[in-house]
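First the proteins, then the strands, lettered A, B, ... as listed; each starts at 1.
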Protein chains: 2
Amino acid sequence: MKIGELAQLARCTVETVRYYEKAGLLAIPERNAANYRHYGAAHVERLRFIRNCRALDMTHEEIRALLGLMDTPAAQCGEVNQLLDAHIGHVDARIQELTELRAQLMDVRRQCHSEQSVSACGILQGLAQMDAGEKNGRHTHLG
Amino acid sequence: MKIGELAQLARCTVETVRYYEKAGLLAIPERNAANYRHYGAAHVERLRFIRNCRALDMTHEEIRALLGLMDTPAAQCGEVNQLLDAHIGHVDARIQELTELRAQLMDVRRQCHSEQSVSACGILQGLAQMDAGEKNGRHTHLG
DNA sequence: TGCACACCCTGAAGCGACTACAGGGTCAAG
DNA sequence: CTTGACCCTGTAGTCGCTTCAGGGTGTGCA
């Protein structure tokens, strides 16, 4: 099949497919006489795998590692488990971070009691004066 | 004060300070004879405001809007409230998204019961076969 | 047969929010 | 004078796409 059909089957764009090929996530396919890419079932499966991992907010590095393990079927699956557990940890950390962030936002939001002038509004003052605390770098790649 | 001191007071890097100046978030400061930037208390307060907003995952656009309102103190604070509420909505949406994503990850994780070969491991099969569902675009700028 | 449209191709640039690099200048202390 | 810390500008890179520019291919219809 051609790239448009592959992209449709995996619910992404042809640009993304070409990008993954360039990024080394997807194998370089055969070409026809017109230089059009030609894909088979293996590509569909691999692309779906990649898209699913992306939907789960895994980085290309994480996906690359999983693909590597997938290509050594006789290996033990301990590493697969580790990778997944690590990623779940990242997600947990980001949820925690956002939850705390939300609490701070609600604090600030509560400083405005009624429609008034900006100069009297507690929100901007709150944003100017709050202590965001030490943000010791990101604990997860997730935004 | 010089840029290093300002950056320290606002807990960011000098590169970030220069970046904000170039991005128009921070006013262009005076310079001394050596072309070093010279900052005062107003810059400290503004940079702290910006950093706090960033800590709350607001975009530069959102921050720009708030700064605009801050610079019109006689205006009504309704817009400030709207901006904050909208942003809280973004955070909520992202928390929701990550929570769902986490549930999917746990589903997949549960498909591995014991150390075995990769080919028998349910995780990779789960990742290949799962239905991530339609991801109809991002509902929030937060990652 | 020619045209229009859908799809294909490559390479480069852009997005947002920084961050790092390259190469050079200034200042203060020893 | 030397050294190290800090300052400067401009450029490029990070991540994961997405868009743009410019050109080729295939098919259906008038």
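Between chain A and DNA chain C, the heavy-atom contact criterion of under 4.0 Å yields a 5' to 3' nucleotide range of dC7(C) to dT10(C).
Looking only at atom types and distance, the side chain of N32(B) has no donor-acceptor partner in the side chain of R37(B) under 3.5 Å away. In the model, E100(A) has no side-chain atom that pairs as donor or acceptor with a side-chain atom of Q104(A) under 3.5 Å.
Tested against L47(A), the residues V17(A), T16(A), L9(A) include a single side chain to side chain contact (heavy atoms under 4.5 Å, CB included) partner, V17(A).
Put simply, CD on Q8(B) is 13 Å from C1' on dA5(D), counting in whole angstrom units.
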Could you go through nucleotides 17-20 of chain D and list every protein N or O atom that sits under 3.5 Å from one of its N or O atoms, giving the distance for each pair?
{"from": "dC17(D)", "atom 1": "OP2", "to": "Y20(A)", "atom 2": "OH", "distance (Å)": "3.1"}
{"from": "dC17(D)", "atom 1": "OP2", "to": "R54(A)", "atom 2": "NE", "distance (Å)": "2.5"}
{"from": "dC17(D)", "atom 1": "OP2", "to": "H60(A)", "atom 2": "NE2", "distance (Å)": "3.1"}
{"from": "dT18(D)", "atom 1": "OP2", "to": "T16(A)", "atom 2": "OG1", "distance (Å)": "3.4"}

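Near DNA chain C, defined here as any heavy-atom distance below 4.0 Å, the residues from residues 30-43 of chain B are A34(B), Y36(B), listed numerically.
Nearer to the 5' terminus of DNA chain C, by closest-nucleotide assignment, is the contact made by V14(A) (compared with the other of K2(B) and V14(A)).
Under the 4.5 Å side-chain criterion, counting only non-hydrogen atoms from C-beta, F49(A) is in contact with M70(A).
Among residues at least two apart or in separate chains, ring pair (Phe, Tyr, Trp, His ring centres under 6.0 Å) pairs with a member in residues 51-86 of chain B are Y19(B)-H60(B), Y20(B)-H60(B).
Heavy atoms of other residues, nucleotides or ligands lying less than 6.0 angstrom from CD of Q116(B) number more than 12. Within a 6.0 Å radius of CD in Q125(B), more than 12 heavy atoms belonging to other residues, nucleotides or ligands are found.
For the side chain to side chain donor-acceptor pair (under 3.5 Å) test, no residue two or more places apart in sequence or in another chain qualifies with E115(B).
Grouping the Ile, Leu, Val, Met, Phe, Trp and Tyr side chains by contacts below 4.5 angstrom, directly or via other members, places Y36(A) apart from V14(A).
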Indicate every side-chain donor-acceptor pair of residues 1-8 of chain B with a distance under 3.5 Å to a residue at least two apart or in another chain.
none

